Amino acid sequence: QVQPVESGGGLVQAGGSLRLSCAASGRAFSNYAMGWLRQAPGKEREFVAGISWSGSRRYYADSVKGRFTISRDNAKNTVNLQMNSLKPEDTAVYYCAAKFSLTSDYVPASTLDFRSWGQGTQVTVSS
């Protein structure tokens, strides 16, 4: 079982950038598809981005497409989320999430696809 731990959140002005990182402990990280979810106050947790364990396939929510980029380094057991052109509506707690996969090109595309996630890191975008 992989246990994700997020870092890199903070306060940024609208239009700015942040890079979130996720360090995943546990064996066989390279057999886990990974992703990022977020939850804003008073709202349900929503899917942000997903990446296959090979790194060859990525999927993004429409709300972040073209602004966010997910990447991974299997040698370091890390997953990153580069967030550019941030908007106030991106304000949320961001969670790194994991899903075991038997196939290298499986990419999660929904909150329901994931089985484990970290404690979260706060991202606040001021207007």
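None of the values given here were measured: they were computed from a predicted structure.
Atoms OG and OH, from S52 and Y106 in turn, are 10.5 Å apart once rounded to the nearest 0.5 Å. From I51, atom CD1 reaches atom OG of S71 across 6.5 Å, with rounding to the nearest 0.5 Å. Between the OG atom in S21 and the NZ atom in K76 there is a gap of 10.5 Å [rounded to 0.5 Å]. Distance check: T69 OG1 to R58 CZ gives 8.0 Å after rounding to the nearest 0.5 Å. Between L11 atom CG and T124 atom OG1 the span is 6.0 Å, to the nearest 0.5 Å. Interatomic distance, CG of D105 versus OG of S56, reported as 6.0 Å (0.5 Å rounding).
Across every non-hydrogen atom of A92 and Q122, the tightest pair is O-NE2, 3.5 Å. Shown here for G16 and V12, the closest heavy-atom pair between the two residues is CA-CG2, 3.9 Å. In this structure, C22 and W36 approach most closely via the heavy-atom pair CB-CZ2, 3.7 Å. Nearest heavy atoms, L81 versus A49: CD1-CB, 4.3 Å. Annotation for P88 and S127: closest pair CG-CB, 3.9 Å, computed over non-hydrogen atoms.
S116 has its side chain within reach of Q1: a pair of non-hydrogen atoms, C-beta onward, lies under 4.5 Å apart. Inter-residue side-chain proximity for F68 and L18 is flagged as unmet; no heavy-atom pair is nearer than 4.5 Å. Residues M34 and K99 have side chains not in contact (no heavy-atom distance under 4.5 Å, counting atoms from C-beta outward). In this structure, the side chains of L37 and F114 come closer than 4.5 Å at one or more pairs of heavy atoms. For the pair F47 and Y59, the minimum side-chain heavy-atom distance is below 4.5 Å. When side chains are defined from C-beta on, W53 does not count as touching Y32, because their heavy atoms never get closer than 4.5 Å.
For the pair R45 and Y95, the cation sits on the ring face: its NZ or CZ lies under 6.0 Å from the ring centre, inside 45° of the axis. By the 6.0 Å and 45° rule, R72 stacks over the aromatic ring of F29.
D113 contributes a side-chain N or O that, together with a main-chain N or O of A109, makes up a donor-acceptor pair within less than 3.5 Å. Side-chain atoms of R57 never come within 3.5 Å of backbone atoms of S54 as a donor-acceptor pair (strictly under, hydrogens ignored).
Note: the hydrophobic cluster containing I70 does not contain V107 (ILVMFWY, side chain heavy atoms under 4.5 Å, direct or indirect links). Hydrophobic clustering (ILVMFWY, side-chain heavy atoms < 4.5 Å, transitive): Y94 and W117 are in distinct clusters.
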Practice task
Could you please spell out the steps behind the side chain to side chain contact (heavy atoms under 4.5 Å, CB included) verdict for R67 and D90?
Solution key: CA-CA 11 Å; R67 301 187 297 122; D90 294 318; 2.8 Å; yes

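Shown are E46, E6, E89; of these, the salt bridge (Lys or Arg N to Asp or Glu O under 4.0 Å) with R38 is made only by E46. Partner L20 forms a side-chain contact (heavy atoms from CB on, under 4.5 Å) with one of V48, T121, V79, N80 and no other, that one being T121.
A salt bridge links K65 with D62: the distance from a Lys NZ or Arg NE/NH1/NH2 to an Asp or Glu carboxylate oxygen falls below 4.0 Å.
Defined by atom type and a distance below 3.5 Å, a donor-acceptor pair is present between the side-chain atoms of Q82 and N84.
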